[in-house]
Amino acid sequence: MNDQAAHSGRLVGSASTGLRGIIQVPGDKSMSHRALLFGAMAEGETKITGLLEGEDVLRMATAVEALGAKVRRTGDGSWRVEGGPWHSADAPLDCGNSGTAARLLMGAVAGMAIEARFTGDRSLSSRPMRRVLAPLEAMGARLVDGDSDRLPLTVKGGSLNGISYRNEAASAQIKSAILLAGLHAQGEVEVIEPRPSRDHSENMLRSFGCDVESMDRHGERFIRLGERRHLKASDVEIAGDPSSAAFPLVAALITPNSEVTVRNVLLNPLRTGLFATLEEMGADIVVANRRVRDGEWVGDVTARTSRLKSVEVPAQRAPSMIDEYPILGIAAAFAHGRSIMHGLAELRVKESDRLAAIVAGLTACGVAARSEEDSLVVEGQGTAPAGGCDVTTHGDHRLAMSFLVMGQASGAPVTVDEAEMIATSFPGFADLMHSLGARIEAGA
Ligand code: S3P
């Protein structure tokens, strides 16, 4: 089967005899969005290598072009972006499935004297936007559609004031929208994070020449824009997405006789909560060749078949692995004992209600799992779960990949629906897994 089959909707993951190989995964999604967007806002031409060419990021490329940037693909993962001047978009900006595209673009538009209408697919249209719109409105942006919380909606930018905002949700999208709007605001712009969220915007804004200060005080992080808020083009090299690397690595841990290395993985400390958690579970997972590239840690990560034990994951760690709970739920299903993961309220507003969907999928596969308020509890048996189930992914790419990984080591095959959504973040997923020896086939 080639990756075409991933477009057929249903895929089946079946027990494989061992996964082996050295691979690379596509570029980091968060950095890819930001490289295109910051490049589009900057003076001069930004060269990007390692860009994730997934549907979410391509939506961002199309959107910034519609707003005035020049975007050119020069090779596999190699792109050039020439900054603005920005103007109102003639047609709605269709952000597809991508919350990051929608929310970061809203922030960028808010700071300019332009307006843009935002639309998205079924999933994105049901996700909350007020969390971004509220601080942007407090800064002086206008929402043409009243106090709407959902797409479609229209943002009208203008002259903005500063803001000091507490980011209780630990959302990097909210923080980034405020910082981007703040580039054009008068006065102090500050975001306070009781639990720090991923800091790619801060890091990349700095490499685009902008003053951004991050300070830890009394257990909280303070992020402030300085005087210099003008972006100048900067080349960006993007390493592999740790959220994508998680799938083949966990597959190797749970599948007998496996050893998989993912080279060149982004290891920003605010993204590596899953790796720390897997180590606590007794996983044989090793990072080699750790190095700094473009201000970000990267390394090669190897995982070998492991006997996993249960784990309790504190709420404080959630932001550093917020997209990894579906695949951690799978690892926990193979581990011995009861795993508990705390502080997962945000999972309810991802591409699907992930807390509910993980519980439903695991239960269908014969694993006892439940949610208790904002926690996920998984009763691992220490042996392969039954599998033999049909998992509803609610159009959520990470659920689809997680349960296909589960099928690699379950008693009977695991089928997922809407597998075409995998292309939003991990084009080539099925082909790459095949290259390791995984059995993923088109379903009936
Ligand atoms: C992202 C932030 C996270 C994450 C998403 C990407 C980003 O969302 O789940 O996949 O690139 O800023 P939240 O900001 O909603 O936590």
Side-chain angles (χ1 to χ4, degrees), residues 26-38 51-52 54-57 59-60 95-108 120 123-124 126-136 149 165-180 191 193-205 221 223 236 238-239 241-247 266 268 270-274 296 315-328 343-355 358 374 396-399 401-402 421-422 424-426:
D28 183 64
K29 183 149 71 79
S30 293
M31 289 189 66
S32 295
H33 278 299
R34 287 161 174 79
L36 287 170
L37 179 55
F38 297 4
L51 188 91
L52 164 64
E55 285 168 14
D56 276 11
V57 173
R59 298 279 181 181
M60 175 66 92
C95 298
N97 194 245
S98 177
T100 309
R103 295 184 178 128
L104 268 57
L105 280 163
M106 284 176 191
S123 154
L124 187 58
S126 69
R127 296 179 66 187
M129 295 295 151
R130 192 107 289 279
R131 48 179 45 210
V132 171
L133 298 168
L136 295 180
D149 187 27
Y165 186 81
R166 277 188 78 79
N167 188 11
E168 297 289 354
S171 161
Q173 294 175 359
I174 299 176
K175 169 177 61 183
S176 303
I178 294 170
L179 295 178
L180 290 171
V191 179
E193 298 198 313
R195 294 180 298 158
S197 66
R198 64 189 67 190
D199 59 359
H200 306 302
S201 290
E202 296 91 306
N203 296 342
M204 215 184 280
L205 282 172
R221 180 157 295 183
I223 301 122
V236 186
I238 302 171
D241 194 328
S243 301
S244 297
F247 299 108
L266 176 70
N268 176 306
L270 290 166
R271 297 289 301 281
T272 50
L274 175 73
E296 295 277 9
Q316 191 67 19
R317 197 183 293 167
S320 69
M321 51 180 298
I322 195 64
D323 291 333
E324 279 67 81
Y325 285 97
I327 191 66
L328 178 60
L344 305 188
E346 279 294 301
L347 290 197
R348 299 221 182 259
V349 291
K350 291 296 176 190
E351 285 82 331
S352 68
D353 176 347
R354 282 189 179 153
L355 200 45
I358 296 167
D374 295 341
D396 187 326
H397 53 129
R398 296 200 200 280
L399 286 166
M401 289 185 275
S402 297
M421 295 308 288
I422 292 171
T424 58
S425 69
F426 199 157

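Ligands are counted one by one from 1 in listed order, and the atoms in each one are counted from 1 as well. Quick note: numbers below take in every heavy atom, side chains included, and nothing from hydrogens, waters or symmetry partners.
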Ion pair present between Glu346 and Arg131, side-chain N to carboxylate O less than 4.0 angstrom? yes

Please verify whether a non-hydrogen atom of His200 lies at under 4.0 Å from ligand 1. no

Close N or O approach (Arg34, ligand 1; < 3.5 Å): yes

Identify the closest protein heavy atom to atom 14 (O) of ligand 1: which residue and atom is it, and at what distance? Ser171 OG, 2.6 Å

Measuring from non-hydrogen atoms of Lys175 to any atom of ligand 1, is the shortest distance under 4.0 Å? no

Evaluate salt bridge (charged side-chain N to carboxylate O under 4.0 Å, His left out) for Asp199 paired with Lys175, printing each intermediate quantity in order. CA-CA 9 Å; Asp199 59 359; Lys175 169 177 61 183; over 6 Å; no

Short N/O distance, under 3.5 Å, between Arg198 and ligand 1? no

Are side-chain heavy atoms of Arg198 and Ile322 found at a separation under 4.5 Å? yes

Arg131 to ligand 1: N or O pair under 3.5 Å? no

For Ser30, atoms of ligand 1 separated by under 4.0 Å from a heavy atom: 1 (C), 6 (C), 7 (C), 11 (O)

Identify the heavy atoms of Asp28 and His200 that sit nearest to each other, and give their distance. OD2-NE2, 4.1 Å

Per-atom contacts of ligand 1 with Asp323, taking only distances under 4.0 Å to non-hydrogen atoms: 4 (C), 5 (C), 9 (O), 10 (O)

Out of Glu351, Glu324, Arg354, Lys350, the nearest non-hydrogen contact to atom 13 (P) of ligand 1 is supplied by Lys350

Which ligand 1 atoms, with their elements, are less than 4.0 angstrom from a heavy-atom of Ile322? 9 (O)

Looking only at distance, does Ile174 have an N or O less than 3.5 Å from an N or O of ligand 1? no

After noting the C-alpha distance and the side-chain angles of Ser425 and His397, does the key distance pass the side-chain hydrogen bond (donor to acceptor under 3.5 Å, both in side chains) rule? CA-CA 7 Å; Ser425 69; His397 53 129; 2.7 Å; yes

Give the atom numbers and elements of ligand 1 that come within less than 4.0 Å of a heavy atom of Ala172. 12 (O), 14 (O)

How far is atom 6 (C) of ligand 1 from the closest protein heavy atom, and which atom is that? Thr100 OG1, 3.4 Å

Contact check: Arg398 vs ligand 1, nitrogen or oxygen atoms, below 3.5 angstrom: no

Just by modelled atom types, is the Met129 backbone N or O under 3.5 Å from a matching donor or acceptor in the Asp149 side chain? yes

Less than 4.0 Å between a side-chain N and a carboxylate O, is that true for Arg348 and Asp374? no

Keeping Ser176 on the side-chain end and Leu104 on the backbone end, is there a donor-acceptor pair under 3.5 Å? no

